[in-house]
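Model, not experiment: these values are computed from the prediction. One-based numbering, in listed order, for ligands and for the atoms of each.
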Amino acid sequence: MRSSQYFMPTLKETPSEAEIVSHRLMLRAGMIRQSSAGIYSWLPMGLRVLKNIEQIVREEQNAIGCQEVLMPTIQPADLWRQSGRYDDYGPEMLRIRDRRDRDMLYGPTNEEQITEMFAASQRSYRDVPKLLYHIQWKFRDEIRPRFGVMRGREFLMKDAYSFDLDAEAARRSYNKMFVSYLRTYERMGLTAIPMAADTGPIGGDMSHEFLILAETGESEIACHKDLLDKRWADRAIDFESDLQPIVDEFTSQYAATDEMRDPEQEKALGGDLVTARGIEVGHIFYFGTKYSEKLGAVVTDHDGKEVTVEMGSYGIGVSRLVGGIIEASHDENGIIWPESVAPFHVGLINLKAGDGKTTAACDDLYGKLRAAGVEVLYDDREGRAGQKFADMDLIGLPWQLIVGPRGLDNGVVELKNRASGEREELSPESALAQLTG
Ligand code: ATP
Ligand code: MG
């Protein structure tokens with residue numbers, strides 16, 4: 001993509017309405033545009049990142065045998081009357097009436113809808129376990145939408161649901177999801193710490209929030225320092241095996257947020273305790289038969305006896321992660337995208353767009369990179385070098401390939417790594433080899 005043609009309305013000034021760095025940087029880099037409070041349009045660069053995150057989430061869900069569906073955003077109120085949540089949900093739910101005076105709503109979550117879908121066709125123990133997910137926009141009329149996409153009113157969520165014959169099988173589904181979450185976040189360059197969460201009136205120990213550390217996080221967290229160093233993406237994991245030992249590896253170490261914190265345990269940890277602020281980027285929950293009972297999700301077991309299925313739900317804040325990753329990865333000059341989610345791999349900078357020789361060299365590199373399947377943003381605009389460097393640092397692509405007339409006279413271009421700031425002069429051929437290798 002050529003910058004001269006790209007729809008990327010960057011801002012020079014820091015927008016005054018943005019309180020936190022990710023919101024400021026997303027607006028300055030031209031990734032999003034606010035439509036109304038907590039509701040945003042995603043511009044090309046922002047959408048690229050959102051799609052990359054979505055794709056990692058999708059791949060890791062598919063890897064555990066979770067099947068993708070797509071349910072509508074608009075749901076009939078009757079479903080929620082059946083579960084009893086229509087009245088409970090309160091003003092966060094956006095309620096709509098259609099032309100025939102039927103009560104509808106914009107889904108804040110999908111337990112009712114998916115349970116009804118399961119119940120309509122699944123009949124026996126042979127139909128379970130089932131893991132289903134979708135990646136769909138949600139609406140919650142948050143009392144205080146803020147921090148840009150981090151707490152929006154309309155936001156993109158991956159929500160998955162498990163259906164099992166009994167509690168033991170439900171635990172296996174839960175564990176699969178738990179371990180898959182560890183991998184999902186790590187692939188995005190994040191350290192996400194699972195924290196036991198309050199399960200409310202249902203009780204039990206089967207609810208975890210996944211938090212990433214950031215000064216601007218809304219939750220106060222405390223955990224054993226070892227949880228910050230665990231690495232998962234490279235481990236070969238057989239998801240059909242018993243995953244309890246892996247889950248125990250995490251849940252046996254102290255980690256807590258808000259009302260779950262325990263002063264006694266924290267004192268005992270001494271120097272091993274880390275306290276910080278965190279952003280919730282996922283939440284998994286086992287809730288038994290809460291919805292299956294109300295919506296008739298029943299299957300027959302091996303003896304022909306009817307059993308109400310055991311369920312869990314598993315959310316990831318896909319659009320929140322765009323902001324979350326920036327909170328975790330930026331410096332004073334702008335965003336530093338992890339390779340796996342970056343909108344482009346390389347930013348190619350033409351330092352003298354009016355100069356025939358420089359432009360020919362840039363066009364050549366651009367063509368070769370694209371031919372090799374590398375995603376490039378090519379700054380082919382006329383303008384000051386300083387401004388181009390600042391823009392490129394701001395949008396945070398992993399690599400910058402800088403081409404100017406002086407370097408070319410000596411047969412070199414410059415390659416800069418955004419994260420480390422390291423610069424290297426090398427021949428155009430070596431630069432290509434490094435970027436396509
Ligand atoms: P929170 O406590 O932050 O309001 P929640 O407990 O309401 O979150 P869930 O219902 O578990 O969230 O939703 C699953 C995930 O969706 C959350 O972990 C979070 O990452 C994301 N999420 C929830 N609300 C919002 C929002 N208003 N804007 C963006 N993402 C959100
Ligand atoms: Mg909420």
Novice: According to the side-chain hydrogen bond (donor to acceptor under 3.5 Å, both in side chains) rule, which pairs have a member within residues 320-330, sequence neighbours left out?
Specialist: Ser22-Glu327, Thr216-Glu327

Novice: Does ligand 1 have any atom that is closer than 4.0 Å to a heavy atom of Thr109?
Specialist: no

Novice: Please say whether more than 12 non-hydrogen atoms of neighbouring residues, nucleotides or ligands are located less than 6.0 Å from CD in Glu17.
Specialist: yes

Novice: Do Arg58 and Gln55 have side-chain atoms, one donor and one acceptor, less than 3.5 Å apart?
Specialist: yes

Novice: Indicate, as side chain, backbone, both or neither, the part of Met157 found under 4.0 angstrom from ligand 1 when only non-hydrogen atoms are considered.
Specialist: side chain

Novice: Consider every N or O of His283 and every N or O of ligand 1, then say whether any pair is closer than 3.5 Å.
Specialist: yes

Novice: Aromatic contact between Tyr291 and Phe118, with the criterion being ring centroids under 6.0 Å apart: yes or no?
Specialist: no

Novice: Any idea how Tyr366 and Tyr378 line up, ring-wise: parallel (<30°), tilted (30 to 60°), or perpendicular (>60°)?
Specialist: tilted

Novice: Hey, does Gly282 sit under 4.0 Å from ligand 1 if you only count heavy atoms?
Specialist: yes

Novice: Salt bridge check: are Arg81 and Asp78 linked by an N-O gap of less than 4.0 Å?
Specialist: yes

Novice: So which pairs with a foot in residues 307-318 pass side-chain hydrogen bond (donor to acceptor under 3.5 Å, both in side chains), sequence neighbours left out?
Specialist: Glu111-Ser313, Ser162-Tyr314, Tyr286-Glu310

Novice: Do any N/O atoms on Val149 end up under 3.5 angstrom from N/O atoms on ligand 1?
Specialist: no

Novice: Under 4.0 Å from a heavy atom of Val281: give me the atoms of ligand 1 that qualify, with their elements.
Specialist: 18 (O), 20 (O)

Novice: Side chain, backbone, both or neither: which part of Arg140 has a heavy atom under 4.0 Å from ligand 1?
Specialist: side chain

Novice: Which atoms of ligand 1 sit under 4.0 Å from any heavy atom of Glu142?
Specialist: 24 (N), 26 (C), 27 (N)

Novice: Heavy atom under 4.0 Å from ligand 1: found in Arg151's side chain, backbone, both, or neither?
Specialist: both

